[in-house]
Structure formats: C-alpha cells, structure tokens
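Report on the structure given below.
Just so it is clear, the model here is predicted, and its values are computed rather than measured. Each ligand, and each atom within it, is numbered from 1 in the order the structure gives.
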Amino acid sequence: MKQIVLFLAIAGLYVAATNAEHKVVCYYDFASDLREGVGRLTTKQLEAALPYCSHLVYGYMIMYGDNYQVHSYGEVDEVDIRQQYFAEIKSFKQKYPELKVLLSVGGDRDIDVGYPRKYIELLEATQEKQKKFIESAHWLVEYYGFDGLDLAYQFPRNKPRKIHGVVGSFVKSFKKIFTGNEVVDPDADKHKQQFTRLVSDLHDKLHHDGYLLSLTVLPNVNSTWYFDIPKLNKLVDFVNLGTFDFYTPERNPEEADYSAPLFYDNSEDRLPHNNVKFQTEYWNNQGFPAKKLNVGIPTHGNVWQLTDDSGNTGIPIVHHTAGPAPPSPLTNKHGLLSAPEICKLLTLPGIDVKMDKEAHITHSTLGHYGYLPAEGKSRGLWVGYDDIDTVTKKAEFALVYAGGVALFHLGHDDYLGVCAKVSYPILRSINQTFQDTINVKLI
Ligand SMILES: *[C@@H]1O[C@H](CO)[C@@H](O)[C@H](O)[C@H]1NC(C)=O
Ligand SMILES: *[C@@H]1O[C@H](CO)[C@@H](O)[C@H](O)[C@H]1NC(C)=O
C-alpha cells in the first residue's frame with residue numbers, strides 16, 4: 001500500500017487516479033474451453049473470475065473470407081456447444097448485472113489459409129460488402145444478448161528484428177541486427193482511412209441500438225500505421241492495448257528478451273516502442289483519453305530453448321537461442337506457457353529435476369525470468385513472464401496512465417489455483433491493487 005501511495009505521489013496524479021471506475025477487461029478465449037483434459041477452462045471455472053472483471057470479452061468470432069460474414073470459431077459440429085456457452089454467458093449477465101460482456105471478432109485465432117489477406121480485403125471492399133460484416137456482427141451481438149462488440153482487427157504485424165550473419169566477415173560471430181523498421185504494408189495510409197470508415201459504420205449500427213464498441217490492438221500491430229486515433233476517439237467506447245509479446249520465440253528465435261516490459265530500458269539494443277509505457281503514452285499523446293485506454297497484461301510466458309552458446313548468466317538479451325521450447329501439455333503451443341505451468345516449472349520437483357535444482361530466478365522491473373543453461377547436448381530454457389510483482393506494477397501504472405487493464409486471457413491464469421492456492425492469482429492481484437488505491441482515498 002505504501003508503495004502505491006508513493007508511486008502515485010511521484011506521478012503527481014494522485015487525485016485523478018483514485019477513482020473507482022477502473023476497468024478490468026477479462027478476455028476469455030472460447031477455444032481454451034475446447035481443449036481436452038486439464039487445460040479445459042469450463043464456464044463454471046470462468047464464473048469464479050467474474051466478480052473481479054468489469055468486462056468480459058468473449059473471443060473469438062471469425063470472418064468468412066469469401067463473403068465477410070462473422071461467425072463463431074469452430075465448424076458446424078461445435079455449434080451446439082457454442083449455443084450452450086452463449087446461453088451460459090447470458091445467465092452470467094443476470095447474476096452479475098454490473099458485468100458487461102462483449103463479443104470479439106478477429107484475434108490471432110482467425111488464421112485462414114484460404115484467405116490470408118481477408119481483413120485487408122474487407123477494408124478494400126465496397127461499402128455494400130462491408131455491410132455483410134457489420135450486419136452479421138450486429139446480429140450475433142443482438143441474438144445472443146451481448147452488451148457490445150470488440151474488434152480485434154488483424155493487421156499486418158511489424159517485422160521482428162532479424163539477425164543475419166554477415167558473410168565474409170573475418171569476425172566469424174559478428175551479426176548484423178536489422179531493427180524491424182521495414183515497411184510491411186505500402187498501403188498502410190489507405191488502410192488506415194478505410195479502417196476508420198469501417199469502424200464509423202460499425203459504430204453507427206451498434207450505438208444506434210445502445211451497444212458498446214471497443215477495439216483490441218493486437219500485439220505487434222503498429223498503431224501509427226493503422227489507427228487514426230483522434231477520429232477513433234469519437235467512435236469507440238474504449239481501446240484494449242495488446243502490450244505484450246513484443247518478443248516471442250517465434251518472432252525472435254535467435255534472441256530471448258522480456259516479452260512485455262513496462263518501461264524502455266536502453267542498456268541493451270532494444271527498440272524504444274516495444275514496451276507498455278510507450279504504447280500507452282502514444283495513444284494518449286495522440287489525443288485519446290487515458291480513461292478509455294486499458295493496458296494489456298498477459299497471463300502467459302514465452303519460452304526459448306538455450307544452446308551452449310547462449311552463455312549461463314541468463315541476463316537478457318540472451319543470444320544464440322534456438323527458437324521456441326516444445327509445446328506444453330496444457331497450452332499445446334510452441335514456446336508458450338501459462339502462469340501455473342511457469343509456476344510449476346520454476347518451483348516444483350518432478351517435472352524436470354535438473355531444472356528444479358539449477359533454475360535461476362531473477363526479478364526485474366522489466367519482467368521476470370527463469371532459466372536453465374544448456375548442458376552438453378541437452379538444451380536449456382529461458383522463460384520470461386509477468387509475476388505478481390510485475391502485474392502489480394502494471395496495474396499501478398494503469399491507474400495513472402490509463403483507465404484500467406485488459407487481461408489476456410483468463411484461460412492462462414491459474415484458474416484452478418494449483419500453484420497459487422487461490423484461483424486466478426493474476427486477476428486477483430489486479431483487483432487488489434485497484435482496491436488498495438481506493439482504500440487509500442478513503443483513509
Ligand atoms: C474487487 O473485487 C471485489 C470482489 O468481487 C469487488 O467488489 C470490487 O469491486 C473489486 N474492486 C475493484 C476496484 O474492481
Ligand atoms: C511504428 O513503427 C515505427 C518504426 O517503423 C516506430 O518509430 C513507431 O514508434 C511505431 N509506432 C508504435 C505506436 O509503436
């Protein structure tokens with residue numbers, strides 16, 4: 001508590017920050033409910049999170065590439081499950097009348113090999129065709145009784161830094177780092193205008209019926225290129241910033257670093273915009289009110305494999321890494337671990353005894369990491385993640401520089417409390433931070 005008072009006093013924004021209207025936007029990824037076994041987050045378990053969420057974003061609806069109609073994730077055989085879940089979600093709204101539930105379209109899940117550019121094509125389509133998108137989205141919101149729509153629009157991502165060996169260099173290990181500032185979309189300006197118009201039409205349709213409209217900025221989408229912030233301010237109720245995964249083993253296989261640092265740390269060769277503070281301030285400086293911005297907090301960590309050449313200090317940036325770690329049973333994704341899996345990895349014997357004995361755990365304001373150096377032929381591991389300390393710092397930051405937080409997503413928090421002994425430790429720590437601040441005001 002003392003720490004928060006101090007933090008707010010330093011920021012000079014004490015009064016503005018002690019306002020009870022802070023949002024906690026909780027993302028629920030429907031696909032996490034379709035996982036088998038231990039990884040399955042049921043609606044019953046979901047319900048335990050709801051007292052701590054002001055908004056629930058139910059993701060993700062996807063879009064048909066040929067006619068731009070929005071529909072549910074999963075194919076026809078999952079329709080029944082979907083109907084059932086939607087009915088349960090609706091019943092939550094009766095139980096938690098304060099909770100706002102939004103349906104989200106897009107996200108990282110809507111990868112469509114048949115129509116890889118469909119979100120760009122929708123922008124370039126005629127208004128007549130866009131109407132299909134808008135009307136089908138509106139229909140889903142209305143039919144299933146949601147409070148509004150969240151648009152997690154897929155834009156081309158900025159390029160990760162690439163590291164290339166320099167041929168012919170007499171210093172054999174010398175590598176050149178390209179900063180990832182290359183143009184990925186020569187028509188970005190045009191797409192920005194088209195996106196604004198699409199959002200404007202969506203806004204007209206949804207607000208007419210009293211529905212909310214929010215935007216999710218997906219990780220590594222460059223806001224400068226695609227978001228006309230002053231205009232969007234008039235069209236959307238709030239914006240959730242995907243301020244994480246700045247570094248991932250998929251994008252940056254050859255070097256490991258903090259995936260979601262709060263601040264810029266220039267002691268290493270990092271890009272100045274790859275941190276929470278820059279992204280939040282960017283929106284704010286462009287005229288978007290802080291109270292309508294939610295700072296993204298991840299519940300997962302990213303795991304790289306280490307080689308002999310990665311050294312054994314673990315201090316990021318760690319070089320000569322060997323891409324993502326193999327998938328875990330719970331998340332089943334290369335290089336990604338949920339909060340309880342990280343917790344287990346770092347503390348429990350049995351999973352990998354060697355890891356347990358030799359893992360080093362280090363704290364930092366940029367994030368946390370644990371690692372195990374490679375030994376002989378066996379690869380090491382480096383995992384970067386947001387521990388409760390980091391989450392608390394981010395929530396404190398959000399109280400001053402934003403209107404709340406957006407938690408991505410509930411299914412990767414320790415929703416069973418297997419490690420933390422209490423369910424949803426990350427979500428609860430956000431609530432606690434906000435609660436403490438309100439208490440400070442009352443004293
Ligand atoms: C924290 O959670 C409690 C219990 O559900 C809730 O009453 C309270 O409004 C939450 N506080 C904040 C600041 O969101
Ligand atoms: C977008 O990318 C450029 C570099 O290409 C960078 O200077 C700028 O800060 C980025 N904007 C955001 C909001 O990250």
Problem - Under-4.0 Å salt bridge between Asp108 and Arg157 - result: yes
Exercise for the section: Below 4.0 angstrom from a heavy atom of Phe278, which ligand 2 atoms are there? Numbered from 1 as shown, please. Expected result: 9 (O), 12 (C), 13 (C), 14 (O)
Distance-only donor-acceptor hits, side chain of residues 204-211, under 3.5 Å, sequence neighbours excluded:
residue, atom, partner, partner atom, Å
His207, ND1, His203, NE2, 3.3
His207, NE2, Asp237, OD2, 3.1
Asp209, OD2, His138, NE2, 2.6

Completion exercise
Near Tyr52 (heavy-atom distance under 4.0 Å), the atoms of ligand 1 are 2 (O)
Problem - Mutual orientation of the aromatic rings belonging to Phe146 and Tyr58 [parallel < 30°, tilted 30-60°, perpendicular > 60°] - result: tilted
Practice task
Please say whether Pro51 places an N or O atom under 3.5 Å from an N or O atom belonging to ligand 1.
Solution key: yes
Practice task
Taking the side chain as every heavy atom from C-beta outward, state whether Leu346 and Tyr385 have any pair of such atoms under 4.5 Å apart.
Solution key: yes
Completion exercise
Numbered in order shown, the ligand 2 atoms found under 4.0 Å of a heavy atom of His273 are 6 (C), 9 (O), 14 (O)
Fill in the blank from the handout: ligand 1 atoms nearer than 4.0 angstrom to some heavy atom of Phe434 are 13 (C)
Exercise for the section: Return each pair, listed once, that meets ring pair (Phe, Tyr, Trp, His ring centres under 6.0 Å) where at least one residue sits in residues 91-122; pairs must be two or more places apart or across chains. Expected result: Tyr119-Tyr153
Exercise for the section: Indicate yes or no: does an N/O atom of Gln279 lie under 3.5 Å from an N/O atom of ligand 2? Expected result: yes
Practice task
Decide whether an N or O pair under 3.5 Å exists between Tyr282 and ligand 2.
Solution key: no
